[in-house]
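Just so you know, ligand 1 is whichever comes first in the structure, and atom 1 is the first atom listed for that ligand.
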Amino acid sequence: MKSILITGGAGFIGSNLVRMLAEGSAYNVIVLDALTYAGNLENIQDLVDGSRVRFEHGSINDRGLIDRLLAETSFDAILHLAAESHVDRSIASAAPFIETNVVGTLTLLEAAKHAAVRRFVHVSTDEVYGMLGPTDPAFTEETPLAPNSPYSASKAASDLLVRAFVHTHGMDAVITRCSNNYGPYQFPEKLIPLMTLNAIENRSLPIYGDGLQVRDWLHVEDHCRGIMLAYERGMTGQVYNFGGFGEEKNIVVATSILQHVGKDESLLTYVADRPGHDRRYAINPRKVQQELGWTPEWNFKDGLRTTIDWYRANSAWCQNVRSGEYRSYYQRQYEQRG
Ligand code: NAD
Ligand code: TYD
């Protein structure tokens, strides 16, 4: 059975990917995650307890740890999702983004090269392309990189390191870039889970600026299928863009959430805009449709309702995340056992 190392596997997209792979039986899955504020072991605890997945607590910046993991197991691939991922945090403080997204990715690339891991899949973002005007054509893989936030600049830097390792060292790597993901287990600092939990709790929904910014929404299950297709069928050195055909204005997303939860629009609160706020993202996924046979299965309307229902049905998970209780979860589960 092929072994795969998933970095960031306790985060939002990583945990959905780990769950998808654990539900099949094709891969031996090992997760490496530092459990930052965004990492939550509860997301995959049942899989770890059931021995479907092995969990290693540690950082992609820890070369000694990575060398040990890569020496213990012959990995067919590293699926690299670990990152600092929130734009607002990168505006408040960019240094952790450079440390994890740039230096951490470089550390992982060097270790993967040294251990001759067969394939490296680098999960990136459409935000590296910068922003679009209302009528601009959607991003393609040929769109020049023009990142606008410290977050997207750090992701673009890591993408370029991956490209350089392919070109210079002959590394077998592919890069995926996707639009905004939504679905279960997303940390409620991002738009959809934040608005959903606030609506449920009768708190105000903060709309940045005029609320007319546009994002393309991709269900996390569709994205995870895309990552696996890029790993299994992608050509080395290639970039693959995944989009959900789900462009929507933020104000429409927030209003839809209020309607589905049955709350009044008076909860909408316009607040100061995000500095440097990108106006619009959109992806043209023609390449992955033609070359990988991928297409999104979720439409945004159904996906949003199903996602809101997941947060309503998983109130214990939401409460633990909101209260910070999940932060002590790892300590209780593992460290106290010695
Ligand atoms: P997330 O913030 O939910 O999870 C990130 C995970 O990485 C967490 O579990 C965290 O503990 C872990 N991590 C952070 N620093 C680490 C380190 N030094 N070593 C090991 N683990 C570390 O992020 P996400 O939304 O799941 O995003 C996953 C990847 O997808 C990221 O690379 C992100 O840039 C990319 N992406 C996300 C979106 C989105 O909409 N969420 C869109 C495009 C691209
Ligand atoms: P976010 O989920 O942070 O993703 P990204 O910035 O990576 O696209 O934000 C999505 C959009 O929602 C973005 O245009 C910013 C906006 N937004 C708000 O209006 N209010 C909020 O409280 C948040 C978190 C985001």
Using a 4.0 Å heavy-atom cut-off, say whether Asp126 meets ligand 1 through its side chain, its backbone, both or neither.
neither
Of the choices Val31, Asp33, Ile44, which has the non-hydrogen atom that lies closest to atom 11 (O) of ligand 1?
Asp33
Provide, to 0.1 Å, the distance between atom 37 (C) of ligand 1 and the closest protein heavy atom, together with that atom's residue and name.
Ile13 CD1, 3.4 Å
For atom 42 (C) of ligand 1, state which one of Gly14, Ala38, Ser179 supplies the nearest heavy atom.
Ser179
Enumerate the salt bridge (charged side-chain N to carboxylate O under 4.0 Å, His left out) contacts for residues 84-112, please, sequence neighbours excluded, ordered by first and then second residue.
Asp88-Arg274, Arg89-Glu189
Distance in Å, Lys263 NZ paired with Arg203 CZ, rounded so as to fall on 0.5 Å steps:
11.5 Å
Apply the test ring pair (Phe, Tyr, Trp, His ring centres under 6.0 Å) to residues Trp310 and Tyr185: give CA-CA distance (whole Å), side-chain angles for both, the deciding distance (0.1 Å), then the verdict.
CA-CA 9 Å; Trp310 185 89; Tyr185 300 107; 4.8 Å; yes
For the 3.5 Å polar cut-off, considering only N or O atoms, please tell me whether Glu84 and ligand 1 meet it.
no
cation_pi(Lys190, Tyr182) dist<6.0 Å, angle<=45
no
Any idea which protein heavy atom is nearest atom 19 (N) of ligand 1, and the distance to it?
Ile60 N, 2.9 Å
Just need the protein heavy atom nearest to atom 40 (O) of ligand 1, so name the residue and atom and give the distance.
Asn181 N, 2.8 Å
Nearest non-hydrogen protein atom, atom 3 (O) of ligand 1:
Phe12 N, 3.0 Å
Listed partners of Thr306 passing side chain to side chain contact (heavy atoms under 4.5 Å, CB included), at least two apart
Trp298
Which of the atoms of ligand 1 are close to Gly58, meaning less than 4.0 Å from one of its heavy atoms?
19 (N), 20 (C)
Donor-acceptor pairs are to be reported for all side-chain atoms of residues 249-258 against protein atoms at under 3.5 Å, with residues two or more places apart or in another chain.
| residue | atom | partner | partner atom | Å |
| --- | --- | --- | --- | --- |
| Asn250 | ND2 | Gln213 | OE1 | 3.2 |
| Thr255 | OG1 | Ile251 | O | 2.6 |
| Ser256 | OG | Val252 | O | 2.7 |

Residue and atom name of the nearest protein heavy atom (relative to atom 1 (P) of ligand 1), distance in Å to one decimal:
Ser85 OG, 3.6 Å
Looking only at N/O atoms, are Thr36 and ligand 1 under 3.5 Å apart anywhere?
yes
Considering only heavy atoms, which protein residues lie less than 4.0 Å from any atom of ligand 2?
His86, Val87, Glu127, Asn180, Glu189, Lys190, Leu191, Leu194, Met195, Pro206, Ile207, Tyr208, Gln213, Arg215, Asn250, Arg274, His277, Tyr281
Please indicate whether any nitrogen or oxygen in Cys178 is less than 3.5 Å from any nitrogen or oxygen in ligand 1.
no
Using heavy-atom distances only, which candidate in Ala34, Ala83, Gly104 approaches atom 20 (C) of ligand 1 most closely?
Ala34
When you measure from the heavy atoms of Ser15 to every atom of ligand 1, does any distance fall below 4.0 Å?
no
Say whether Ala82, considering both its backbone and side-chain N or O atoms, lies within less than 3.5 Å of an N or O atom on ligand 1.
no
From the options His86, Lys155, His122, select the one whose nearest heavy atom is closest to atom 32 (O) of ligand 1.
Lys155
